[in-house]
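Notes to accompany the following structure.
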Protein chains: 2
Amino acid sequence: MESTVENVRSQMRKGVLEYCILSILSRKEAYASSIIDELKAANMIVVEGTLYPLLIRQKNQGYLSYRWEESTQGPPRKYYVITDKGRAVLSEMDSAWQEIVSTIRTLKGDD
Amino acid sequence: MESTVENVRSQMRKGVLEYCILSILSRKEAYASSIIDELKAANMIVVEGTLYPLLIRQKNQGYLSYRWEESTQGPPRKYYVITDKGRAVLSEMDSAWQEIVSTIRTLKGDD
DNA sequence: TTTAGTACTTTGTGATACAAGGTATTCAAA
DNA sequence: TTTGAATACCTTGTATCACAAAGTACTAAA
């Protein structure tokens, strides 16, 4: 069995992952492996089997588009780019996130 | 299909719900319907079919215990009480939550 | 005795994170 | 030339979980 701590963290990551991806892509286009690296650096551990389907989902929903680009160090990379629709959804996510942060504060704060 | 906004909010609720329940019960014991009311008041909408299985799961994991109490206004109520183990897990969840909030800030903040 | 209100429970469905394994490209060393 | 390492993308199967919907049961009032 996995440790309780990891379970807790894993549970909380769910639901904000989509938000993280759109946030990262709102700043600059990126390909899957580089997104994983960035998430790892930010302590948001994600594996390939999670990220690839998620990117494909967001592309199918029209939040992202992509283009292929050659690499000097291996196979070509699929660079994802956020769309206008994606930016609109991201803006909604910003609000939703703020609301949840505020809700937790309320639940923990005042008796 | 459900609205995008609701989808976004629903996704984000996942993973913090357990945290909310333990937080509420760390302050005072409560029964399911009253927990739903409190969550609704804090803008964290949850339905019965979500909450009851969750409480049962947390009880089975030893985070909660419960006792029955008669009500003058209907059927008896199942009052849930957080256990020592539950408080330990809640403490871990506090850290995990702070970490995620901080991670999101990092991902959004610095270019 | 029927209805309204309250409270707890279960079943079926869809979504999704993850583990594990697979495919494909490039380059360098044997 | 072919083998292996590194990089990158993709798929399948499983478990978990939020939710909708329907069900059970108790109390009090009409």
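Sequence lines set the chain letters: A, B, ... in the order given, protein chains first and strands last, and positions in each chain run from 1. Note that the structure is a prediction, hence the values are computed from the model and not measured.
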Pick base, sugar-phosphate or nothing for B:Thr72, based on heavy-atom distances below 4.0 Å to the nucleic acid. sugar-phosphate
Please determine if a side-chain N or O atom of B:Arg57 lies less than 4.0 Å away from the OP1 or OP2 oxygen of D:dA15. no
From CG of B:Leu55 across to P of C:dC8 the rounded distance in Å is 9 Å
Quiz question: going by heavy-atom distance under 3.5 Å, is there a donor-acceptor pair between the base of D:dC19 and the side chain of B:Glu48? no
Treat each ILVMFWY residue as a node, draw an edge where side-chain heavy atoms are under 4.5 Å apart, and state whether B:Leu51 and B:Trp68 are in one component. yes
Would you tell me if any nitrogen or oxygen in the side chain of A:Tyr31 comes within less than 4.0 Å of OP1 or OP2 on D:dA8? yes
Shortest side-chain distance from B:Thr50, nucleotide among C:dC8, C:dA17, D:dA18: D:dA18
Can you tell me if the side-chain N/O atoms of A:Tyr52 get under 4.0 Å from OP1 or OP2 in D:dC9? yes
Using atom CD of A:Glu69 as one end and atom P of D:dC9 as the other, report the distance to the nearest whole Å. 11 Å
Of the nucleotides C:dT16, C:dT25, C:dA19, which one has an atom closest to the side chain of A:Val47? C:dA19
Would you indicate what B:Ser33 reaches in the nucleic acid, counting non-hydrogen atoms under 4.0 angstrom: base, sugar-phosphate, or nothing? sugar-phosphate
Determine whether the aromatic ring centres of residues A:Tyr66 and A:Tyr79 are separated by less than 6.0 angstrom. no
May I ask you to decide if A:Leu107's main-chain N or O and B:Arg27's side chain share a donor-acceptor pair within less than 3.5 Å? yes
